[in-house]
Amino acid sequence: MLIVSEETCRQVMTRPAAFDAVEAVFGAMARGDAWNFPVVREAIGHADALYGFKSGFDKAGLVLGVKAGGYWPHNMARGLTNHQSTVFLFDPDTGMLSALVGGNYLTALRTAASSAISINRLARRDARVLGMVGAGHQSQFQLRAAVEQRDFERVVAWNFHPEMLPRLGAVAEELGLPFEAVEREELGAQADVIITITSAHEALLMKDWIKPGTHIACMGTDTKGKQEVDPQLVAAATLFTDEVAQSVSIGETQHAIAAGLISQADITPIGAVINGDHPGRTSDSEITLFDGTGVGLQDLAVASAAAQIAQDKGLAQEVAL
Ligand code: NAD
């Protein structure tokens, strides 16, 4: 059995390796070769914590496991990350525990890989302006992965808490991209690709603000009641997601579904585009929207890749069971 610490994950796991692992499992999901199991998420009545499990099985990649963890809101005051998780991987032939992998850094990498895959597959080739809505913990991971997908020339950004924007601006600067804080309407008018990564519970971007041809990756909405964009914008866009069942229940399309503006049949798993079964974007004027809800198989895919790389480099701790 391998133990791969948070520190080792940071050392060995790369954005390209996360991109490849997540893309492969999205493809397997769309082919019916990989399944996510029902998510458990409970308030434990202690430390105001939310604790749960995301699990699944990738029969194509032979990855079986569970991510356990959740949200401990008072951790920050202790100098710890509020989101805490660990991935347990099992041998699918025997059920024996094969690896324990730190899940905190990998969660950010797999979430950024998801939106990056959508940009890679769906954004216009000539996209030059990246719009960022959100400036929290995930945003810099999102920015770093996004800029590897197109020849972006500058970044425009908006955040509910404007004081958080300079930190994201510093990352853009490090990447050699001019960064400008703008109002939301202006962001829509300028951006060719937009990533939303907030904990908002109301629409932040309205349909009429978005240019034809824009690609939007909605990454923040992962719970019932959360929302980042106008349901009319969702209805006007060609819709893609990681998993349709999650998109309509806890993802960004939940509101357009509830309002009767779209149906489940209007949403395509991005794995179908990856597998060549759906053309993806079909015109330069189409608005494409990817609803990245975050599935357990993403976590297992990157954890499995990290464990393999760590083992190959001699950096995984081997323990007898
Ligand atoms: P964070 O707490 O570090 O940042 C929160 C962000 O939301 C900040 O930009 C903050 O200014 C903004 N925000 C807070 N309240 C707001 C409001 N009322 N209106 C608009 N914006 C508001 O969180 P994070 O770790 O960066 O995560 C951001 C979001 O992404 C969270 O909602 C989280 O649950 C979600 N998330 C999704 C996935 C996925 O796979 N889809 C994975 C990880 C996190």
Side-chain angles (χ1 to χ4, degrees), residues 18-19 21-22 25-26 29 36 39 41 50 52 54 56 67 69-77 80-85 87 103-119 131-146 157-169 171 181 183-184 187 194-206 216-230 240-243 245-254 270 289-303:
F19 185 104
V22 174
V25 84
F26 281 169
M29 282 164 57
N36 293 290
V39 175
R41 196 165 160 86
L50 282 175
K54 282 188 165 183
K67 178 167 94 165
Y71 186 69
W72 275 258
H74 309 303
N75 274 8
M76 199 77 96
L80 299 169
T81 310
N82 287 352
H83 289 274
Q84 289 290 334
S85 63
V87 178
N104 297 350
Y105 180 67
L106 293 184
T107 298
L109 274 195
R110 66 78 147 148
T111 306
S114 175
S115 62
I117 289 164
S118 84
I119 295 168
M132 295 292 305
V133 176
H137 176 69
Q138 303 287 333
S139 64
Q140 63 144 311
F141 292 91
Q142 294 282 326
L143 176 59
R144 287 180 193 278
W158 177 86
N159 194 44
F160 184 72
H161 302 100
E163 68 279 9
M164 295 167 79
L165 282 168
R167 201 177 48 180
L168 187 62
V171 176
E183 290 306 321
R184 287 174 285 163
L187 186 144
I194 301 173
I195 297 175
T196 60
I197 183 75
T198 73
S199 39
H201 283 71
E202 62 189 350
L204 302 173
L205 292 177
M206 306 314 287
I216 308 169
C218 294
M219 303 305 297
T221 300
D222 55 2
T223 307
K224 197 168 166 53
K226 279 190 184 174
Q227 183 177 17
E228 294 188 299
V229 305
D230 180 3
F240 301 87
T241 188
D242 41 23
E243 189 185 79
Q246 277 206 173
S247 174
V248 299
S249 54
I250 60 167
E252 192 60 44
T253 70
Q254 61 179 290
I270 192 139
L289 187 150
F290 173 69
D291 182 14
T293 64
V295 293
L297 280 169
Q298 276 171 263
D299 297 299
L300 306 186
V302 291

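As the structure lists them, so they are numbered: ligands from 1, and atoms in each ligand from 1. For the numbers below, each heavy atom of this structure counts, side chains included, while hydrogens, waters and symmetry mates do not.
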Original post:
Q254: what forms a side chain to side chain contact (heavy atoms under 4.5 Å, CB included) with it, not counting sequence neighbours?
Top reply: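 So Q254 forms a side chain to side chain contact (heavy atoms under 4.5 Å, CB included) with T221, K224.
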
Under 4.0 Å from any heavy atom of [X], which atoms of ligand 1 are there?
X	result
N159	8 (C), 9 (O), 10 (C), 11 (O)
M164	8 (C), 11 (O)
S199	5 (C), 7 (O), 13 (N), 14 (C), 15 (N), 32 (O)
G134	9 (O)
K226	31 (C), 32 (O), 33 (C), 34 (O)
A135	9 (O)

Original post:
Is it true that atom CD of E202 has more than 12 heavy atoms of other residues, nucleotides or ligands lying nearer than 6.0 Å?
Top reply: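 No, the 6.0 Å shell around CD holds no more than 12 heavy atoms from other groups.
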
Report the nearest protein non-hydrogen atom to [atom]: residue, atom name, distance rounded to 0.1 Å.
atom	result
atom 23 (O) of ligand 1	H137 N, 4.4 Å
atom 36 (N) of ligand 1	D222 OD2, 3.4 Å
atom 37 (C) of ligand 1	M219 O, 3.1 Å
atom 30 (O) of ligand 1	I197 CD1, 3.4 Å
atom 10 (C) of ligand 1	H161 ND1, 3.5 Å
atom 22 (C) of ligand 1	F160 CB, 3.6 Å
atom 26 (O) of ligand 1	Q138 N, 2.9 Å
atom 42 (C) of ligand 1	T111 OG1, 3.2 Å

**OP:** Let me see the working for D299 and R110 under side-chain contact (heavy atoms from CB on, under 4.5 Å), right down to the final yes or no.
**Re:** CA-CA 7 Å; D299 297 299; R110 66 78 147 148; 2.8 Å; yes

**OP:** Go through the structure and list residues passing salt bridge (charged side-chain N to carboxylate O under 4.0 Å, His left out) with D242, not counting sequence neighbours.
**Re:**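 For D242 there are no salt bridge (charged side-chain N to carboxylate O under 4.0 Å, His left out) partners, ignoring immediate neighbours.
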
**OP:** Decide whether an N or O pair under 3.5 Å exists between S139 and ligand 1.
**Re:**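 Among all N and O atoms of S139, none is under 3.5 Å from an N or O of ligand 1.
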
Original post:
Any heavy atom of E202 sitting closer than 4.0 Å to ligand 1?
Top reply: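 For ligand 1, residue contact (heavy atoms, under 4.0 Å) with E202 is absent.
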
**OP:** Could you establish whether R110 and ligand 1 come within less than 4.0 Å of each other, counting only heavy atoms on the residue side?
**Re:**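 Heavy atoms of R110 do come under 4.0 Å of ligand 1.
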
**OP:** Would you confirm whether any non-hydrogen atom of the protein falls under 4.0 Å from atom 3 (O) of ligand 1?
**Re:**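 It does: a protein heavy atom is found less than 4.0 Å away from atom 3 (O) of ligand 1.
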
Original post:
Run the side-chain contact (heavy atoms from CB on, under 4.5 Å) check on K226 and H201 step by step: do they pass?
Top reply: CA-CA 4 Å; K226 279 190 184 174; H201 283 71; 3.7 Å; yes

Subject >> Residues S85, K54; criterion side-chain hydrogen bond (donor to acceptor under 3.5 Å, both in side chains); working and verdict >> reply: CA-CA 10 Å; S85 63; K54 282 188 165 183; over 6 Å; no

Original post:
At under 4.0 Å between heavy atoms, which part of T198 makes contact with ligand 1: side chain, backbone, both or neither?
Top reply: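 Both the backbone and the side chain of T198 come within reach of ligand 1.
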
Subject >> Within reach of ligand 1, part of T293 (heavy-atom separation under 4.0 Å) >> reply: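 Near ligand 1, T293 shows its backbone, while the atoms from C-beta on stay back.
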
**OP:** Take T241 and T253, measure what side-chain contact (heavy atoms from CB on, under 4.5 Å) needs, and give me the verdict at the end.
**Re:** CA-CA 9 Å; T241 188; T253 70; over 6 Å; no

Subject >> Minimum side-chain heavy-atom gap F26-V295 below 4.5 Å >> reply: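 Counting from C-beta outward, F26 and V295 do come under 4.5 Å.
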
Subject >> N82 side chain vs M76 backbone, donor-acceptor pair below 3.5 Å >> reply: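 Such a contact is found between N82 side chain and M76 backbone.
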
Original post:
For W72, does its backbone N or O pair with a side-chain atom of Q84 as donor and acceptor, under 3.5 Å?
Top reply: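 No; zero donor-acceptor contacts below 3.5 Å.
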
**OP:** Please work out whether the ring planes of Y105 and F141 are parallel, tilted or perpendicular, with thresholds of 30° and 60°.
**Re:**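 Perpendicular, since the angle between the ring planes exceeds 60°.
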
Original post:
So among R144, Q138, Q142, which one has a side-chain hydrogen bond (donor to acceptor under 3.5 Å, both in side chains) with Q140?
Top reply: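 Considering R144, Q138, Q142, a side-chain hydrogen bond (donor to acceptor under 3.5 Å, both in side chains) with Q140 is found only for R144.
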
